[in-house]
There are 8 protein chains.
Amino acid sequence: MTPGEIRALIEGVRAGAVAADEAERTLLGALRQQPFEDLGFAKVDHHRAIRQGFPEVILGLGKTPAQIAEIAVRIAGREAPLLVTRASREAFDAVQARLADVEYHELARAIVLRRPLPRASGTIVVASAGTSDLPVAEEAAITADLMGNDVTRVYDVGVAGIHRVLAQRATLEAARVIVVVAGMEGALPSVVAGMVNVPVIAVPTSVGYGASFGGIAALLGMLNSCANGVAVVNIDNGFGAGCMASLINHA
Amino acid sequence: MTPGEIRALIEGVRAGAVAADEAERTLLGALRQQPFEDLGFAKVDHHRAIRQGFPEVILGLGKTPAQIAEIAVRIAGREAPLLVTRASREAFDAVQARLADVEYHELARAIVLRRPLPRASGTIVVASAGTSDLPVAEEAAITADLMGNDVTRVYDVGVAGIHRVLAQRATLEAARVIVVVAGMEGALPSVVAGMVNVPVIAVPTSVGYGASFGGIAALLGMLNSCANGVAVVNIDNGFGAGCMASLINHA
Amino acid sequence: MTPGEIRALIEGVRAGAVAADEAERTLLGALRQQPFEDLGFAKVDHHRAIRQGFPEVILGLGKTPAQIAEIAVRIAGREAPLLVTRASREAFDAVQARLADVEYHELARAIVLRRPLPRASGTIVVASAGTSDLPVAEEAAITADLMGNDVTRVYDVGVAGIHRVLAQRATLEAARVIVVVAGMEGALPSVVAGMVNVPVIAVPTSVGYGASFGGIAALLGMLNSCANGVAVVNIDNGFGAGCMASLINHA
Amino acid sequence: MTPGEIRALIEGVRAGAVAADEAERTLLGALRQQPFEDLGFAKVDHHRAIRQGFPEVILGLGKTPAQIAEIAVRIAGREAPLLVTRASREAFDAVQARLADVEYHELARAIVLRRPLPRASGTIVVASAGTSDLPVAEEAAITADLMGNDVTRVYDVGVAGIHRVLAQRATLEAARVIVVVAGMEGALPSVVAGMVNVPVIAVPTSVGYGASFGGIAALLGMLNSCANGVAVVNIDNGFGAGCMASLINHA
Amino acid sequence: MTPGEIRALIEGVRAGAVAADEAERTLLGALRQQPFEDLGFAKVDHHRAIRQGFPEVILGLGKTPAQIAEIAVRIAGREAPLLVTRASREAFDAVQARLADVEYHELARAIVLRRPLPRASGTIVVASAGTSDLPVAEEAAITADLMGNDVTRVYDVGVAGIHRVLAQRATLEAARVIVVVAGMEGALPSVVAGMVNVPVIAVPTSVGYGASFGGIAALLGMLNSCANGVAVVNIDNGFGAGCMASLINHA
Amino acid sequence: MTPGEIRALIEGVRAGAVAADEAERTLLGALRQQPFEDLGFAKVDHHRAIRQGFPEVILGLGKTPAQIAEIAVRIAGREAPLLVTRASREAFDAVQARLADVEYHELARAIVLRRPLPRASGTIVVASAGTSDLPVAEEAAITADLMGNDVTRVYDVGVAGIHRVLAQRATLEAARVIVVVAGMEGALPSVVAGMVNVPVIAVPTSVGYGASFGGIAALLGMLNSCANGVAVVNIDNGFGAGCMASLINHA
Amino acid sequence: MTPGEIRALIEGVRAGAVAADEAERTLLGALRQQPFEDLGFAKVDHHRAIRQGFPEVILGLGKTPAQIAEIAVRIAGREAPLLVTRASREAFDAVQARLADVEYHELARAIVLRRPLPRASGTIVVASAGTSDLPVAEEAAITADLMGNDVTRVYDVGVAGIHRVLAQRATLEAARVIVVVAGMEGALPSVVAGMVNVPVIAVPTSVGYGASFGGIAALLGMLNSCANGVAVVNIDNGFGAGCMASLINHA
Amino acid sequence: MTPGEIRALIEGVRAGAVAADEAERTLLGALRQQPFEDLGFAKVDHHRAIRQGFPEVILGLGKTPAQIAEIAVRIAGREAPLLVTRASREAFDAVQARLADVEYHELARAIVLRRPLPRASGTIVVASAGTSDLPVAEEAAITADLMGNDVTRVYDVGVAGIHRVLAQRATLEAARVIVVVAGMEGALPSVVAGMVNVPVIAVPTSVGYGASFGGIAALLGMLNSCANGVAVVNIDNGFGAGCMASLINHA
């Protein structure tokens, strides 16, 4: 049972639409289900939807297409939305063979199965510094969208042409939370956080070469931001940023 | 002028309590003030209070007591609250000589001058893993408090005795945002984020020795958290975490 | 001669089942054998079975299938069990062409030839944090099994859903030694070591991306564990952990 | 209550020496005690003695003498042995003012209060490579001794004069577990583990200069040991090694 | 002889003001002087003034006050200007005892002896991000000034309040070369270089804490600048930046 | 409009060749154009040609051939020169299909479309240490050439045969700025900067193996140069060095 | 001319076998040759054979087969021996097409053309720790052999079975210089240097995984060797070690 | 007994100056002495003088003055020369109180007791790049001198003024082995090794700041030297270089 279903049930009882006995049976049935389902190679954490309002998300990296499909079927079987990140096309094919309605977002390398969720009232802006940062930015945007948020994309506004980001001031100020994605020197979050009064989730990317060291330069830049209101997630972790932004927007 | 003062003025005009002419004069006067005040060695950013709802915060590290006192006087002169982080007792003495009402928080190494600010409705929990993490945790707590938030402290609940943090489940679930401070392996944010459904701001500390490398171990642990809803600030950056939490709580 | 054979011989003498002359001849013959066999490109350390109770284990990494097969034949020729780690299928084919009874464990990338060995009385638990950690966990489990230990597998119990590992308390407490395998932030060993009173061998894995830096994050996390009774082996070194656990269990 | 006390009580009941009522009262009283004691700045984990057979050990680093003394008094008050590591003489003075019987081991920087504990039957050897490694080696030896183990010290047997360690073969072979402490290139654990058939706990030290990088060279050397049966603890973590060795010896 | 003196001599010959014989004698005398003067512990490179238009600059770090004074006297004895960087007050006292006219710049830790040099026509702007960056910025400014350049200082214009640097557009565009000094995330050079069409010399500083790693974060940020026309010098190397800017301005 | 076109228009007005009305219309039209062109995945910064005298340069790395071609067409459509760095042959084919006149420099991996630009009077020398450094050196040389500079190449003059670089003294002294490209220990910039009195732009390359760490050794060597007048760009960043040298030469 | 040819000529003059005029002509002719030959992409350093007794050695890494062949032909054309390291089979084919007598050492990845050189009287021992270290060890052995040294190979004598290297004491003591090749923890040079009284050249290899970090662990171990008489070359640099050993042996 | 004494005895027997009986007694007596002397905290390796021709050298770092004095007395008691490196003045005072003849070299931080040793015929040149490198260079020179070598010092010849080292060509060519000491970019060994045909021992120093990272920049530069015949010792390890040079010179 999702928190929404639980709430609906309780409201139903209060409103007299659901009998107390029936509510009790439904709730007991839900509690009797194991908090995780053991597939041998994985313990699918169904309890997470209760604790956290969204089911377990599958990190595709390091799992076989068959493993991904097996876990995906269990999650989707509980009427929960499905998100697989870092998913290859092979993984998508394996999942689609068993869950016909899934979509594949090639740029973001994400497999998605949409299910209705309560939507938050605020807007999440996802901003990115360069064209090469798009896969990570899209992963963040798709995650936030799937978790029930309105998302505005502001792409290719890196600091080397500062007028591009200054031109977006109105859009940025209208956000409740901003995800800023940047590689190379990773300076965009500092500039954005200095312009607005909302939390900024900074995502360093591995875009760059040489002394970017696979995203370390951007990561360190963001951790040392001289602006207030910046927190950082792992290199290339668009999912984590989208998820964090959604939690803030739903708070 | 703070956003609150601007809002009050506009409300006053709408309510007929303030004449249009007077409101215009007041607003023009505020706009005529330079957005920053040039002290030669520093440009005090008075505009920040308008952009971000809180004036510039002084990082004491690397500044002389005289420099800190000079900047502090300018900020306090605008009726804004004052916060100096990483402040030595010498810096406090220099500030107190010119601003009698300031307080010094020894454990957090913070100089504070309180001014009334709108308070947010949610609660911020500041949790820490060990006793040695207290200075950083206190910096976060004092920052959040000063910025207008209710703060609950949950200290010394490291993962080596997992029952200690499990015993705090109710307190954690009641928070709108949680700051988790930990050194050594920095595992506490993962555990906390797995227990609740609110954003977690993780603060690695330099507590530890050997392969903790001044906080790198904890920093990397937090960036790689397998739990959803964790974002990270710089090592020992209690202020940054408190500020980020306040932004989320006020969103 | 293995320690077991030596012990059997001495017991035989004491019991009168083996003549003193025969025993002397057997022992002298064994001592006359060179402590290592020189293949030109390798010196096979047959003495290790005497010193350490288990023959040399072949690290497949960086050796050609032909080299692996040649060394394997020499080891198996002394009636010793055989273990090749990090072995490709090509290496397995080359070994199987000369030693028909060998098995290949694909997930663990291990070639195994079983021979009877004295079994220890305690149980080794191998726990892992995520599905992607399985190859390393299986390498540990197969090593421990081959070296004469009972092994219990507890997989996919990462700290982001802390109830999964708490549910295994009884299994963990029943172990004489626990191997804990985890990538990303590597927090599981701290939690497990805090729950039980037995030695924990922690194995960081290279599972993760970005700031996991190929397992450095997990390695540092484990080295800095705030829990007592944790020691660490190299990244992805399932073999080393299984071997260490076996030594502890046989102590 | 320690596990020993619980066992004694149960034996007493079985033997008729303790009345069932009295046993019940005693056990209930123990269970009613909180699993940790909250000092505000610390939560003393009294439950650890039950879970792990030894009470919480205080890491002196980063705590004030007053904090250390306060925690020490609570631990000693439960009749448990006391160990404070990385303790300055100032910390010792503060503890001794409240607990007269404590000893200070200057070389190991350890504060110790002895209490009778069940002793294990095997011997722990603590070996060190050079004279400068002694503080760490002594911390390991004192920890193991306090936790109820017989300890043999084998000091200054570094690999540059290999005959020194070869001369200790008999002592090494007689151990149930060996702690090997070394700085600089950290090669001693590999040599020792190749000589014997018991688990080796390797402790890198920060002894060295230049490219030893505060113990990183030794740490990496030990993690990459080509010998079987080596596991590693943090740089300079003599306590951790002694504790791990004790767990193995008591297994 | 400095290049200026050589040019003057040649001009004098062409104009008939200097006899050919006298010019020859002067030039031969200069050439007969050794290209370096051997003090035993140092070889003072007098030839550098000919090759590079400015005499050897003394890096005070790691030299005793007596060594610095001895080298300073030799350089000043050739009528050349003198610059000692990273000089303590003790070093200044030792130099002043032998060269009365030297000045000490406390903030920049520089000892200076001024001598007339040809001045370049363009302007060098030295910009800095924060108040704590001033010592490095001043070292750059003093170096450039001493080498014959007009210098404009633009301090405390970090990117967190982007309006501060935007307000300096006219000053920046008027420069022939800009030195940008910044610690923490080091983002200012990217923004400045994107605003103007002149070369930018970026100087990372060790200002910051935690993951600034003594200036590594700023250094990497600057090396990865997405803006064109940025080159970088060593962390805290104000002298190197001032010298490079002077070479560009004199080109 | 490029700065050259603007200048030409103004000259035309002054000379009477262009009517004031027409000039006004032309200028207004240019200003009405957006400072950047939004392609969705990219915002092409046409304003850069005005700010910086050269249009946006496309970093091929991490962009698809289709994206590169699309951006290239927009840039070339404004009569600006085109430069794509780190371009694969596939990218070249995609661009050539739409812009027939482009050239491909295989060694430098650069796509180039030449357009007349004002040429600077000085010469840029591009020197390299070894044959393997040529791709980076050529990227620098082609960039500088395209931006309107005369370029002299001095290749394979590494310091291990110091007579090779000494033999180039005259060429080096004749330059207005020198780009020095070197991998391995990266010592060439120090030697060159000690020989001449012009700015040196040092480019570390990833040429080398083992402890060259992908160019880190060369990068650190150059940042720590004991010679005056050296500034450094990112590893393998030939473009950045050529661009910086051009800015200096045009100053 | 090689030093040998020069010496022969002078001896011929002294012995009356060569006329003074002829000797002068020969020497002048040699001096008139350029010290390096310019191929455009490379400056072949023919002078090196005079300075260093051995011609330039070609590092195959990062050069095309055509470039390698072109340089090889120039070197061989001066009757000098030829050595190409890190050479692929494709490079060998390209060289062999133009120089029929070259050999290819597959394991060492070396192309060799032998020419008679004066041989040193001492012996060089090349020792290696494991089978996977052979390519590097062979590169060292072939280099030393080609440069005129007697080489003894002692392979697979790693420290985990210390009896293997102890068994080689006589061979090691008979050497004038020893090259020791080892990956993983790189402990073998310390043990060997402690056994003998001759210089040891240590070569770390990239053999290992995880925290070997591509040879860093072995490199650091060797740099921190507690034994006297150890110096280190780059990771996997068998050539450098062979060359250094040859210089010592010929001293 | 030193190797010299053994040789003398054998020569005496051959010459009839020593009776066979007496020689036997002397040799047996020497063999009966333990190969090391156990002081509890140290095992003084007297056997090293036999194996390596020079007694154990004491690294003062991390030892107390009392420990140093105790070990020094034992070494000196065997008529061997004494060398203590990294020795403070306090350590010297403690040693001098018990061994009146010792000298203290303040610059090199070395305690020395001279004893006659066979001297090698070749010369060792110790070259250094800058004045701040002198302490390390002197440690190398004093070590080599004490071990029986003629030493020539060539100081302050860094590559930024390349004419200084070129002026020393004759001195460098006359050496049998050269020690080159340099900090910052560490380029001097490459230049020197390219000029001569003798082995070069490179010593990186921690001289520098910022991105020199305590000598890492110089260390990496030297390990990646493009010149042949360079091997490297630890950062600041003047002793190791002097010792290695002595071994080469005595070979």
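Letters A, B, ... are given to chains in the order of the sequence lines, protein chains preceding strands, and every chain is numbered from 1. Hydrogens, waters and symmetry mates play no part in the numbers below; they use all other heavy atoms, side chains included. These numbers come from a predicted model, not from an experiment.
The nearest pair of heavy atoms linking G:Ala187 to D:Ala187 is CB-CB, 3.3 Å.
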Check every N and O of chain G against chain D and note each donor-acceptor pair under 3.5 Å, with its distance.
{"from": "G:Glu185", "atom 1": "OE1", "to": "D:Cys226", "atom 2": "N", "distance (Å)": "3.3"}
{"from": "G:Glu185", "atom 1": "OE2", "to": "D:Ser190", "atom 2": "OG", "distance (Å)": "2.3"}
{"from": "G:Glu185", "atom 1": "OE2", "to": "D:Cys226", "atom 2": "N", "distance (Å)": "3.0"}
{"from": "G:Ser190", "atom 1": "OG", "to": "D:Glu185", "atom 2": "OE2", "distance (Å)": "2.3"}
{"from": "G:Ala211", "atom 1": "O", "to": "D:Asn224", "atom 2": "ND2", "distance (Å)": "2.9"}
{"from": "G:Ser212", "atom 1": "N", "to": "D:Asn224", "atom 2": "OD1", "distance (Å)": "3.1"}
{"from": "G:Asn224", "atom 1": "OD1", "to": "D:Ser212", "atom 2": "N", "distance (Å)": "3.1"}
{"from": "G:Asn224", "atom 1": "ND2", "to": "D:Ala211", "atom 2": "O", "distance (Å)": "2.9"}
{"from": "G:Cys226", "atom 1": "N", "to": "D:Glu185", "atom 2": "OE1", "distance (Å)": "3.4"}
{"from": "G:Cys226", "atom 1": "N", "to": "D:Glu185", "atom 2": "OE2", "distance (Å)": "3.0"}

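Taking CD1 from G:Ile216 and CG from D:Leu220, the interatomic distance works out to 8.0 Å, rounded to the nearest 0.5 Å.
Proximity to chain D is absent for every atom of G:Leu188, based on heavy atoms less than 4.5 angstrom apart.
The shortest distance between side-chain heavy atoms of G:Val165 and D:Ile162 does not fall below 4.5 Å.
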